[in-house]
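See below for the structure under consideration.
Because the structure is a prediction, the values reported are computed rather than measured.
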Amino acid sequence: MPTSVPIDAYSPHGRKPKRIMEPRRIMLYAVLLVAVLYYILPLWVMVMTSLKGMPEIRLGNIFAPPVEITFEPWVKAWSEACTGLKCEGLRAGFWNSVQITVPSVIVSMAVASVSGYALSFWKFRGSEVFFTILIFGSFIPYQVMLYPLVVICRELGIYGTLPAVILIHTIFGMPILTLLFRNYFASLPEELFKAARVDGAGFWGIFLKVLVPMSVPIFVVATILQITGIWNDFLFGVVFAGTQNWPMTVQLNNIVNSTQGVKEYNLNMAATMLTGLVPLTVYFLSGKLFVRGIAAGAVKG
Amino acid sequence: MKSSISVRDLTLNFGAVSVLKNLNLEVAEGEFIVLLGPSGCGKSTLLNCLAGLLDLSDGQIWIKGQNVTWAEPNERGIGMVFQSYALYPQMTVRGNLSFGLKNARMPQAEIDRRVARAAEILQIGPLLDRKPGALSGGQRQRVAIGRALVRDVDVFLFDEPLSNLDAKLRSELRVEIKRLHARLGNTMVYVTHDQIEALTLADRIAVMRGGIIQQLDAPQTIYNKPANLFVAGFIGSPSMNFLHGAVVDGGRGFSVAGTVIALEGYDGGRPVEMAKAILGVRPEHIDIVHEPESGRTIPATVELDEPMGADSLVWLTTGGAQLSVRVPVERRLAPGTAVHLRLDVGKASLFDAVTEQRV
Amino acid sequence: MKSSISVRDLTLNFGAVSVLKNLNLEVAEGEFIVLLGPSGCGKSTLLNCLAGLLDLSDGQIWIKGQNVTWAEPNERGIGMVFQSYALYPQMTVRGNLSFGLKNARMPQAEIDRRVARAAEILQIGPLLDRKPGALSGGQRQRVAIGRALVRDVDVFLFDEPLSNLDAKLRSELRVEIKRLHARLGNTMVYVTHDQIEALTLADRIAVMRGGIIQQLDAPQTIYNKPANLFVAGFIGSPSMNFLHGAVVDGGRGFSVAGTVIALEGYDGGRPVEMAKAILGVRPEHIDIVHEPESGRTIPATVELDEPMGADSLVWLTTGGAQLSVRVPVERRLAPGTAVHLRLDVGKASLFDAVTEQRV
Amino acid sequence: MIVTALVVFVGCSVWTVVYSFTASRALPVSKFVGLDQYERLFSNARWEQSVTNLLFYGVFALVFSFVIGFVLAALMDQKIRFEDTFRTIYLYPFALSFIVTGVVWQWILDPGLGLQATLRGLGWETFSLNLIGSKDTVIYALLIAGLWQGTGFVMVLMLAGLRGIDEDIWKAARVDGIPKWKTYVFIVIPMMRGVMITSLVIVASGIVRLYDLVVALTDGGPGFASEVPAKYVFDHMFARANIGQGLAASTMMLLSVLIIVIPWAYLEFGRKKGR
Amino acid sequence: VELEVTHWWTSGGEAAAVKVMADAVTGAGITWVDGAIAGGDNARPIIISRIAGGDPMGATQLNTGRDAEDLIKAGLMTDLTDLAEAEGWKDIIRPAKLLDACTYEGRIYCVPVNIHSFQWMWLNRGVYEANGLAVPTNWDEFVASAATLKEKGITPLAIGGEPWQINGMAGVFTVALGGLDLYKKLNIEKSAEAAASPEMTKVFEAVAAARGLVDEGYVGRAWNDATNMVITGKAGAQIMGDWAQGEFSVAGQTAGKEYDCLPGLGFNPVLDTGGDAFFFPKPADGNQEVIDAQLKMASLLVSPEVQVDFNLKKGSLPIRADVNLDAANACMQKGIEILNNPDNVLPSGEQVWSSDTTGQFEDLWVEFFTTPDMTVEDAQARYVEIVSSAD
Ligand SMILES: Nc1ncnc2c1ncn2[C@@H]1O[C@H](COP(=O)(O)OP(=O)(O)OP(=O)(O)O)[C@@H](O)[C@H]1O
Ligand SMILES: Nc1ncnc2c1ncn2[C@@H]1O[C@H](COP(=O)(O)OP(=O)(O)OP(=O)(O)O)[C@@H](O)[C@H]1O
Ligand SMILES: [Mg+2]
Ligand SMILES: [Mg+2]
């Protein structure tokens, strides 16, 4: 039996004494910060290196901040670095990358979201086999498919054009995206779907007017995944898009992979970070949506 | 009377589990049918079948003289209110109401007219431009009803529309629905767990159990002359008292725990002698008296009394069985008091203990 | 009487929103307290505070003479049943029931015994090896109760444990809970929306509104002498009728729509003259008569009658206001009939229309 | 489009299998040579090493990205401050291409240039970290860099999953007196099935296709110590112009994936039908 | 007419060299569309898949030899034989073997543009002088001085872990230590006997010895990083092709002053005749205008003007002797001198072995170099096996 304690004998009113230095919290932040160290160390090296001049890089400590800060590598990476005969830096491919990425992201997500929707709400015959094949497809190393895909595109008469890259990215985005969308849609209340059917909305009506607006978050997630993937893609862009559409990664590759010459590490780092800037921006902008998004969908209505 | 909904030999299986078994149901035009039954008995499933949201395993469904067994939900002329509202969260109330109409390519003017009318009926005019997230439970419920309303259909299907509301709001909306029905004259099929709702709203109540309709009758009939033991026990709150005994004296008396009660005035078939029978008496059809009356009363001991607002429920034991009796709240009975119970046999129900059917 | 739970000056804010405001509550050992109030009034929040699941903004909580304000939930000797069940979906029912016990390193035999007992009480024996996904709503609810039951604690916190059950099951479980309480002698804090539940189960009812306890009293007191207009309207189903009028004649009469009703026999403070007052009369405290009686009746017209099992609810209009009256179900009144209503002033409540407090 | 994807994945797999029986060199030709390519494949030390590496890397990468991803997500879920900042930091490696980050990791792990040199320079003379230089440890270098790149995304997926767990479950567990870690392990994780499967597929497919990282970081070295099957495939298909050999290796990879995916699908879909 | 030209020459010197070509081609009224993709390994699949996929470029850099054979066999390459005969390539191109690499069944399908050789060792003079050592003039002296360098914390031999670097070093040993005969027997006759010979054993032993001369951080290191170690004095020497010179000159160093070069490791001053070549895939639609442009470009590539300018920029040797190369530096001059004696000219491995076999060699050398427990006997046995099964 609990001992009877005189009432109000102890414990003053008020907020729980929130010790700022609570050991558990300290541990928590300590772990997080150690993790930050691990994740940020390479970035630190990259940023520092990109701000140094070559002589300093040759001699210096890779972790040390630059003695003399120079932004020249950044400028050079963006607008002066040479690719073969053209010396226009990454800038040259930037718009091509945009041209490839935007439609590819849109088309691949459109296709995958519809497939995910069909797989979760309209269980058609063989949908399970289909889904299994998709999952399987996500494991096929894509370079292996290069030759057959080239042949397919040639037969379709789109080889070397933007539609070809879009097609390829759509195909390769299918497995993971479909999985993502399917699992998300499956978490939405089924009654909404039923209500929409009673309301006379068809396959597309339900999808476009009811589900899509509710799924903005998962679309954001998928966008992030696809933008990252497609923006950083090199092989498909070069092989399928045609010379006139070569993406920015070609320039990046050329800057970084110049095999016979001096490696300008500062330039390489600057170029990499510049190339990563677009996906990175997308992360920053959508950071909040990213998580709140999935969570909102996972909560049953 | 013309039949509005006709369900014929409906069978529905989920995989190996048979949820609805050979179910038949005829609903007249303008009728208000309430489906009542324990959780999991297939009420929502039946509603979903009517709405065309589930594919039947067998049987047919006719609505307004048309075989709609394979018709799409929106072609059936039904409106449905879902248990969980199922409002489209990203649309305003107006959007929710007009979505179905837009799908049917109705002219905007007509849509506006109907939305305005529904909003007026349901008193949600000021809410039209809010989103469901910003509505209280009761308001959401009304929007859900409104969504069915605007479709101007002949048949409304309601799946426990009021189950998540507090008592006050619930009784307000109950009256609202009743009025709505009186005004529109639609056919209604209404699922609920709430007996008051069932009893006050229904023209006929269908009591279901395990995918089978046990009884389909007017509320008072269901209440007063339950077809079998299950219905008797299920309907009425507090529930009916069951006395296990035997019919003796060539059907003229009911013997329980050594006492025999005369069955004269019993409203039902002529009882015959039965070794095992059950007499069901509702708590309000028992009087607590202090003097025994031969052939009319049985002795009992007060166990507990439960005041519940206007009335009290007195729990008593008699010959091992437990009974409840409803008395006005003013009448207090101390636990342990020995009393006698006078049963109103005219309002009681007698069941065959084997078949469980009412005699 | 020894205090089992003592809540002192409890304040709880969610960010800027104050959900509970300086709340005080003393619960005696073994007492059954029901929290009643509209949706969003803070009932669940209060329960969560008692369970230690929310950090108080201010105030203290004592359980069994111990200050547990900052104790962990499992150290408080409480069991809790959640509104949304919160069953562990991947565990069987048995797993759900025994997980907490296993975790406390209880011997397996004892665990089995407790699980078996809870299963028996709640009639979930056959479900023990199913997973929650395969249970109907009612069954889940019972498992949730079982999870609290097996912990054998002094204080039970129930958050609308029966809200999703059908009436029969609900009343059965209600009795079960009452019996459980009688048997175990635990202290109970029980949230519900169901008035019958509240009135039958509670030793005392706390009616809440906006994070403040409006009235904390025995059920009959709450029912008969509601402290204010809100409580009066909230408690009772169908709800109390309110007649807006004035207290006249130096407090001896209540004037409504041109008629004056004598207030003699009013059970409360001495009424004084008031320009705006409200007389609240419950539906069962009105008689429908066909002849007017001076100073005792008001005229009315029948609008509708709603049979609901044992009784009927008759809706009438009088001077623009709507009233409901409860009559035995046998008594049918045709819509449109002109009648007179005799109010039982001795059981009515008079409210100051400004302060909304009972006089 | 659905059909296209189907055709492509199935078609390409069939194509792969068929041409693995040919003597294709720089171009696919249909000169069938039976099992020759496979004989060579299985007698090849490099292939053997690649498969071993993949298994080793795969197991560790899978375990660690789930553990780290989950632990980080769980920590992030403790109502911490600056969550957005932490999250973005953990996620950013995902956005960077390996071409250069491989170089950076190479530097960091280079004993004469990176951490070892720096820490020794700071006075910790005995500190030794030469993962890349030794055959036995180079795979850990791959793991470090691989996890660095991939765990952020796993973390975000997991975090999303965690945020979807009903608050009441946590409360129920607390009332039951279940310690936090147990709640995670026995209750929350099993509830996150969907997210787990999504993550599993993403991580696993990343592991099977592991290539860029190896090329950028070690180029398979020292020796074959960090070779992986995908690299074996591409080296043979492109650099060595022996498509037949590459496809034979690729067929083996597809086969092993199939061996995992088919039973999974069976479980996933077969079980549901029963209910 | 437009000609799209794909190549993997993207660094400063290379790009300047390409520009020479481009200017010449442009001068002839053909539009040069540049398609540079850095890294041969990146570029090759792209080039091949484009040709195979029916979207051929106008001209492309590609390794000579077996690599392109399949493409030629498939009839995807423009035949240059008529042009070659008309211009008498056979007579002007030196050494003749260069052209052989472009010949398939008697017809010519590509244009060699330069000569690169691997048989060089680069030394930092300063390192040796500062440590009181004589600058080695051959491999043996180098090995002898290595211990001292190691003591001083200097890596004797700089190398990168990339397979081609190790394979290349082994190749250099083959000719420098194993002798010309061995090399020729292997690389011309594909003689398994030679592969098993005691001379070859010496080569294996040398590679095994080299294991002890390198630092720990070589894994994954690029060749130019290794060169940099020599330039900055972190390492004593590097065995690398003549392209390494570019690094020294970019660092502002002069041959003979800051650094020395030893062709053939100071023993056998020979050079192999590897190099780059251009192919001209047949246009998909057989457009004669394009073919004409291709032939024009091919002709320009072998012209003396382009050869001189191009090779000076590229740091490689021209394919014809009849040009003036006075502008070349000391090491380059050494190379030209060696080339002037046809006996010193060796076929390069890639002309003989298929990429596949080369890959197998690489695998073997890498394994051997990085596995100290692998015995010379085992390794040589494997080597013999590869040689005898090579196609
Ligand atoms: N998709 C399904 N697959 C398998 N069984 C199902 C499915 N949906 C419902 N059931 C089962 O069918 C039976 C009837 O379910 P239904 O939802 O119609 O019950 P209900 O009467 O509406 O119950 P409640 O009052 O709890 O809503 C239940 O036993 C349920 O377990
Ligand atoms: N985490 C939260 N953050 C902000 N506000 C909250 C939070 N949880 C609850 N509230 C608000 O606190 C108030 C009280 O909520 P609570 O859940 O206690 O209501 P309740 O009385 O249990 O209602 P119901 O009967 O609907 O369960 C509500 O207005 C609700 O919106
Ligand atoms: Mg239901
Ligand atoms: Mg609540």
> Which salt bridge (charged side-chain N to carboxylate O under 4.0 Å, His left out) pairs, counting each pair once, include a residue from residues 44-62 of chain D, with sequence neighbours left out?
Replying inline: D/Arg46-D/Glu227, D/Arg46-D/Asp235, D/Arg46-E/Asp363

> Who wins among D/Gln106, D/His236, D/Gln49 for the most heavy-atom pairs under 4.5 Å with chain E?
Replying inline: D/Gln106

Examine whether an atom of [X] lies under 4.5 Å from a heavy atom of chain D, and if so say whether it belongs to the side chain, the backbone or both; otherwise answer neither.
| X | value |
| --- | --- |
| E/Glu362 | side chain |
| E/Ile51 | neither |
| E/Phe368 | neither |

> Is the number of heavy atoms from other residues, nucleotides or ligands within 6.0 Å of OH (D/Tyr38) greater than 12?
Replying inline: yes

> What pairs with E/Thr60 under side chain to side chain donor-acceptor pair (under 3.5 Å), at least two apart in sequence or on another chain?
Replying inline: E/Thr6

